[in-house]
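Each remark here refers to the structure printed beneath this line.
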There are 4 protein chains.
Amino acid sequence: MKKADKHQKILVAATKVFGSKGFFSARISDIAKEAKVADGTIYLYFHNKYDILLTLFEEEIAKLIVDIKAALAQEEDPRRKLYIFALHHLKLVIEKKELAEVLQMELRQSSDSVKEYRITKFVDYVNIISGIIHQGQKSGIFRPELKPGIIKRAFFGALDEMSRLWILNSDHSYTIDDTADEISSIFLNGISLPA
Amino acid sequence: MKKADKHQKILVAATKVFGSKGFFSARISDIAKEAKVADGTIYLYFHNKYDILLTLFEEEIAKLIVDIKAALAQEEDPRRKLYIFALHHLKLVIEKKELAEVLQMELRQSSDSVKEYRITKFVDYVNIISGIIHQGQKSGIFRPELKPGIIKRAFFGALDEMSRLWILNSDHSYTIDDTADEISSIFLNGISLPA
Amino acid sequence: MKKADKHQKILVAATKVFGSKGFFSARISDIAKEAKVADGTIYLYFHNKYDILLTLFEEEIAKLIVDIKAALAQEEDPRRKLYIFALHHLKLVIEKKELAEVLQMELRQSSDSVKEYRITKFVDYVNIISGIIHQGQKSGIFRPELKPGIIKRAFFGALDEMSRLWILNSDHSYTIDDTADEISSIFLNGISLPA
Amino acid sequence: MKKADKHQKILVAATKVFGSKGFFSARISDIAKEAKVADGTIYLYFHNKYDILLTLFEEEIAKLIVDIKAALAQEEDPRRKLYIFALHHLKLVIEKKELAEVLQMELRQSSDSVKEYRITKFVDYVNIISGIIHQGQKSGIFRPELKPGIIKRAFFGALDEMSRLWILNSDHSYTIDDTADEISSIFLNGISLPA
DNA sequence: AATGAATGAGGATTCATTCAT
DNA sequence: TATGAATGAATCCTCATTCAT
């Protein structure tokens, strides 16, 4: 197994373990067992437990940004773009339940280093939304008086809370597409100029 | 000092400490010092560290529900009610920054006992929103095809994310009233039937 | 048991354990067991394992300095003083075998903090010797051309090496008094001016 | 590279590393890096970390004994011999600072295997001194009532302490020759019969 | 009821040693 | 022979909880 593979294997295991027990309750030995490596091996790839969490965010959010930007590039209409963002975000929740849980829980951690982190990678992600809003305002589709800084937060928050619903409830009454559709249409109705 | 007072004093201290360091990083001795009692005294009022967190939610959210319901009772119009809910929720963030932080962070903890708890008290709180939506749909003000279960989550999530913005940023460009207004109007535009 | 007592009890235990296994091989749990306290209790009195060692030196050498100075105060003749110093030093080896072993072993540790320490407390101790030499030179008893800085080291080294002999060998062919006498007389012959 | 060369290279590296960090704080990987071999390679030449230390003593002290005996063979006078021994010992400190540090520190370790070792090789070294004393007593130069067993220890101790001075202090006020001269003359004055 | 010293279980991390390549 | 990634036993230290006073 190549070096990069083991690095990845540990991250995958950590995502799962952090997701199910939370960062603090997760034990290094849990991650090691899940990754089928020795405890000590983890320290060949990461400085410490916290470094695993940080790397997790860095790598996964980076991937997510790439994916979403690729999907958005196919589309012109800011209204459609908002829907696509919602859809992607919610899809992530289903496909990478564990990462979503980590995002859910750990992103709220108040430790300074995470806060610092947030203002880099995570903010890039959320700023995709304000970019869409901005574009829509320039095209005369969205109401010009709205502050993109507020909308992006509200939109992200709405999606995020929906994710929480999915993560915590096992039986899902609604499909992703329906939910993405419903949330984006509420927002679109809310922020669009009358035709 | 009466028994109830010390119980309360510890909860106030715990709110502050959990808020600033998070549940796991908070030490019982931190809370004891903040409450100006001995470490051991805490165990005369609470079973364990976790019990403090649970009690905190129970008591504080209960109070919050009472407050909000009182405010809503003054109002008939579901559209106004939604604005009032938003305003109250955001006001809480300012007035009880620490509790809001605890809500922000710990509510996301996936530990089973919290999950269990959420389906009681916290859900009551969020259900106030779906009650408003429902009422609005019955009165023919809100679009009848929308699922209150989704709307309530989206609305709460939007508010919650705005709170996060406030908690983590020190300088606030927008006022609470503006934000409550903007968010509720997006939603109201989004979910209202055309007049 | 009073607080100071437990502090002392731990130091006594540490002296014994460090003495028999050396600092690095000694386990905190060994010291705790020897002191009949819980492992954690040690950390109520000391910052860490290293702090125990440092405190040990500080307290024991301080006591030793007091004792030796008291004994020297009774005496005028620098020649007698040197003998008294030798006698006290060697007596310490017998009476506090463990501390002597710690001194033997750990004082040689090259860690910076110990080195730093040495230039304070331990140097005070050894400087008692150069004080005696100096006094003897002023009184015209010791050869004036000798450097007290060298003599003190040589004399201490000779005593120290004799201690090592005692500590490592179980059967002692010579008595302390004989040894103190022999070593001090070699030095006295070596450094005295012809009568 | 021949087998013996790598064996030697590791010992040289170990001398340096043990000397600067002490045996316990030295890491196998430090030695490996210093010797420019892989960690695992060390185990092809030594059984374990401890075996390196033992071999170090064995080989280096053996060399030292050969050197000193060669130098002493040139000389008849026991008084000159003592001076030569002192000079050689102190020269070692300058030339092989690291080995001297190892001697300084690790020789004091009380671990049983080292203690055992000491009674073989190291004792041979120190016994060179008692041999000189004995010879001097037979020749009627040194006082016959002195116990060579004590003198050898005291002399070695004095030299050893002087080494410590050199190793720990960077600026050396005295030259080796001066120091060797001063120490051996103190002893010679101390142990010689009046002419 | 209140205290805070004492407890000891638990876990992150290190590093000597092994072993597949 | 040589490598260095992998191992996992070992240990310092933390801190929730207890309990004698």
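Lettering of chains follows the sequences in order, A, B, ..., and the numbering in each one begins at 1.
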| message | Which is more 5' along DNA chain E, the nucleotide nearest Lys36(B) or the one nearest Gly40(D)? Just name the residue. | response | Lys36(B)
| query | Where each residue is assigned the nucleotide of DNA chain E containing its nearest heavy atom, which of Thr41(C) and Thr41(A) is assigned the position nearer the 5′ end? | reply | Thr41(C)
Answer whether the closest heavy-atom distance between the side chains of [X] and [Y] falls below 4.5 Å.
X	Y	value
Ile52(A)	Tyr45(A)	no
Arg27(A)	Lys49(A)	yes
Ile28(C)	Tyr43(C)	yes

How close or far is atom [atom2] of [N] from atom [atom1] of [X], stated in whole angstroms?
X	N	atom1	atom2	value
Asn48(C)	dC15(F)	CG	P	15 Å
Ile42(C)	dG8(E)	CD1	P	13 Å
His7(C)	dA5(E)	NE2	C1'	16 Å
Phe18(B)	dA16(F)	CZ	C1'	12 Å
Asp5(D)	dA2(F)	CG	P	11 Å
Ile31(D)	dG4(F)	CD1	C1'	16 Å
Lys33(B)	dA16(F)	NZ	P	13 Å
Asp51(B)	dA16(F)	CG	P	15 Å

| request: Just name whichever nucleotide pairs with dT11(F), Watson-Crick or G-U, keeping both distances under 3.5 Å, else none. | output: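 Pairing partner: dA12(E).
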| query | Using purine N1 to pyrimidine N3 plus N6-O4 or O6-N4 for Watson-Crick, or N1-O2 and O6-N3 for G-U wobble, each under 3.5 Å, what pairs with dT21(F)? | reply |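 dT21(F) is paired, partner dA2(E).
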Nucleotide nearest [X] when distance is taken to its side chain, options [options]:
X	options	value
Tyr43(D)	dT18(E), dA6(F), dC15(E)	dT18(E)
Lys49(B)	dT3(E), dA16(F), dA5(E)	dA16(F)
Leu44(C)	dA5(E), dA6(F), dC13(F)	dA5(E)

| message | Is the ring pair Tyr50(A)/Phe23(A) parallel, tilted or perpendicular, if the boundaries are 30 and 60 degrees? | response |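 Aromatic pair Tyr50(A)/Phe23(A) classed perpendicular.
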Looking at [X], I'd like to know whether one of its side-chain N or O atoms comes within less than 4.0 Å of OP1 or OP2 on [N].
X	N	result
Arg27(B)	dA16(F)	yes
Lys6(A)	dA6(F)	yes
Tyr45(D)	dT1(F)	no
Tyr50(C)	dC12(F)	no

| request: Have a look at Ile28(D) and say if it touches a base, only the backbone sugar-phosphate, or nothing, with a 4.0 Å heavy-atom cut-off. | output: base
| With a non-hydrogen cut-off below 4.0 angstrom, is Ala26(C) in contact with a base, only sugar-phosphate, or nothing? |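 Result for Ala26(C) = sugar-phosphate.
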| message | Taking the nucleotide of DNA chain F with the nearest heavy atom to each, does His47(B) or Asp39(A) sit closer to the 5' end? | response |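 That would be Asp39(A).
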| said: Heavy-atom nearest nucleotide on DNA chain F for Ala38(A) versus Val37(D): which residue maps closer to 5'? | reply: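 So the residue in question is Val37(D).
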| task | Decide if atom NZ of Lys63(A) counts as having more than 12 heavy atoms of other residues, nucleotides or ligands within a radius under 6.0 Å. | result |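 Correct, the count exceeds 12.
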| message | Tell me whether Lys36(C) at atom NZ has more than 12 heavy atoms from other residues, nucleotides or ligands lying less than 6.0 Å away. | response | no
